[in-house]
Number of protein chains: 2
Amino acid sequence: MKTAENKSRALGLRFTKTRRKVLEILWQSHSPLGAYDILDRLQEDSRRPAPMVVYRALDFLIEAGLAHRLSSRNAFIGCSAPEGDHEAQFLICNHCGSAAEVEARPIAKAVEETAASAGFHVHQRVVEITGVCPNCQS
Amino acid sequence: MKTAENKSRALGLRFTKTRRKVLEILWQSHSPLGAYDILDRLQEDSRRPAPMVVYRALDFLIEAGLAHRLSSRNAFIGCSAPEGDHEAQFLICNHCGSAAEVEARPIAKAVEETAASAGFHVHQRVVEITGVCPNCQS
DNA sequence: ATATGTTCTGTTATATCATAACATTTTAAT
DNA sequence: ATTAAAATGTTATGATATAACAGAACATAT
């Protein structure tokens, strides 16, 4: 949370109540949450906000590097290593729904080199591997 | 198209009119298409089918390795190298919207190794790099 | 302390993407 | 011809996401 406040300030933005709450919800969840799941959990505190509220908070959190979007699931997850910059990949279990954030340098490196050799200027990287996690293989 | 027929037969499935037409539409497009874009183009031939029709055709084409889904865009693209199996990655231009399918062995290898060392059993790989393509950099 | 510009929130409405469920038809193989 | 599997047609609905605009909270400069 301290990190979150610092990162917000570094962007000249505010770490407001809704944003904090959404981040808490993400961090408390063991698996990625859809935007409407987050809405459901916000509801427990106050009256159910409009979807925009959540999407705006998520935009902010992603922008600040505090959360990630899992494109292949239309879901969101709190960043597990928010300090500093990093380029994350995800291992998403089809059985238990968990998503492990990894920072695999070899993948990042291969992506950079592939893009470079194609003359492609990279903005964002989406690397999502789905399958079965170790816990679910027995 | 010959490849498409062969792959269909290999799966014990049929390469029907709708499926063929959807694949033609994908192959004719220079950039990924949303499911409803495909519907619009089908409409030109006959009366606009229900969305299910397109989603079913897409499911089939993806299953057969004739098309790919771009998760980060909710869009679909014809496979540019449908012969044989392959593990594709995509370079998606934010400026012109084009999506280049590449087969980068180093990325594939790094992904396999990362998953293996995490004890993760891989089903699917989503690697989508967004940015600016060479043509759009001038 | 107040004026000002920016950030953030609240709210309504709507756009966009995707699937459930079930009846019917086509096809291939006997 | 019979049959089982594959494929289609159709209606309805679910799930995800954004547009647009009014107003409130906040920072900071005078």
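Keep in mind that this is a model prediction, so the values were computed, not measured. Lettering of chains follows the sequences in order, A, B, ..., and the numbering in each one begins at 1.
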- Message: Pick the closest DNA chain D nucleotide for B:Thr18 and for B:Ala50 by heavy atoms, then say which residue is nearer the 5' end.
- Response: B:Thr18
- Item | Interatomic distance where CZ belongs to A:Phe60 and C1' belongs to C:dT7 [whole Å] | 11 Å
- Query: Would B:His68 and B:Phe76 count as a close aromatic pair, with their ring centres under 6.0 Å?
  - Reply: no
- Query: Partners of A:His123 by ring-ring contact (aromatic ring centres under 6.0 Å, His included), sequence neighbours excluded?
  - Reply: A:His121
- Item | Separation of atom CG in B:Asp40 from atom P in C:dC17, rounded to whole Å | 10 Å
- Task: Any pair with a residue in residues 102-112 of chain B that passes side-chain hydrogen bond (donor to acceptor under 3.5 Å, both in side chains), sequence neighbours left out, goes on the list, sorted by first then second residue, please.
- Result: B:Lys109-B:Glu113, B:Glu112-B:Arg125
- Query: Which part of the nucleic acid does B:Arg9 contact within heavy-atom distance under 4.0 Å: base, sugar-phosphate only, or nothing?
  - Reply: nothing
- Between CZ on residue A:Phe90 and CD1 on residue A:Ile129, distance to nearest 0.5 Å: 11.0 Å
- Query: For D:dA7, does OP1 or OP2 lie under 4.0 Å from any side-chain N or O of B:Arg20?
  - Reply: no
- Item | For atom CG of B:Leu39 and atom P of C:dA18, their distance in whole Å | 11 Å
- Query: In whole Å, what is the span from the CZ atom of A:Arg48 to the P atom of C:dT12?
  - Reply: 14 Å
- Item | Between C1' of C:dT25 and NZ of B:Lys17, the distance in whole Å | 13 Å
- Results of side-chain hydrogen bond (donor to acceptor under 3.5 Å, both in side chains) for B:Arg41 - residues two or more places apart only: none
For residues 22-32 of chain B, run the donor-acceptor check on the side chains, cut-off 3.5 Å, and write out each pair with its distance to 0.1 Å, sequence neighbours left out.
{"from": "B:Trp27", "atom 1": "NE1", "to": "B:Cys79", "atom 2": "O", "distance (Å)": "2.9"}
{"from": "B:Ser29", "atom 1": "OG", "to": "B:Ser31", "atom 2": "N", "distance (Å)": "3.1"}
{"from": "B:Ser29", "atom 1": "OG", "to": "B:Ser31", "atom 2": "O", "distance (Å)": "2.5"}

- Item | Gap between atom CZ of A:Phe15 and atom CG of A:Leu66 - 0.5 Å precision | 6.5 Å
- Please name all residues satisfying ring-ring contact (aromatic ring centres under 6.0 Å, His included) with A:Phe60, sequence neighbours left out, ordered by chain then number. none
- Query: CZ of B:Arg19 versus C1' of D:dG9: gap in Å, rounded?
  - Reply: 14 Å
- Query: Please, which pairs that meet side-chain hydrogen bond (donor to acceptor under 3.5 Å, both in side chains) have at least one residue in residues 127-138 of chain A, sequence neighbours excluded?
  - Reply: A:Ser72-A:Glu128
- Item | Proximal nucleotide (of C:dT11, C:dC8, D:dT10) relative to the A:Val53 side chain | C:dT11
- Once base and sugar-phosphate atoms are separated, protein heavy atoms under 4.0 Å mark nucleotides 15-20 of chain D, 5' to 3', with B, S and - as -BBBBB
- Nearest-angstrom distance from the residue atom CG of A:Leu11 to P of C:dT6: 18 Å
- Query: B:Thr16 side chain N/O closer than 4.0 Å to the phosphate oxygens (OP1, OP2) of D:dA6?
  - Reply: no
- What is the per-nucleotide protein-contact pattern of nucleotides 24-30 of chain D, from the 5' end, where B denotes a base atom under 4.0 Å from a protein heavy atom, S denotes such proximity for sugar-phosphate atoms only, and - denotes neither? --S----
- Between its two end axes (five pairs each) the helix from C:dA1-D:dT30 to C:dT30-D:dA1 turns, nearest 10 degrees, through 30°
- Task: Kindly give the cluster partners of B:Val126, where membership spreads through any ILVMFWY side chain lying under 4.5 Å from a current member.
- Result: A:Val126
- Message: With a cut-off of less than 4.0 Å, is there a side-chain N or O of A:Arg47 near OP1 or OP2 of C:dT11?
- Response: yes
- Quick one: list whatever passes side-chain hydrogen bond (donor to acceptor under 3.5 Å, both in side chains) with A:Glu63, sequence neighbours left out. none
- Contact list for residues 3-18 of chain B, test salt bridge (charged side-chain N to carboxylate O under 4.0 Å, His left out), sequence neighbours left out: B:Glu5-B:Arg20
- Item | A:Leu42 CG - C:dG10 P separation (whole Å) | 11 Å
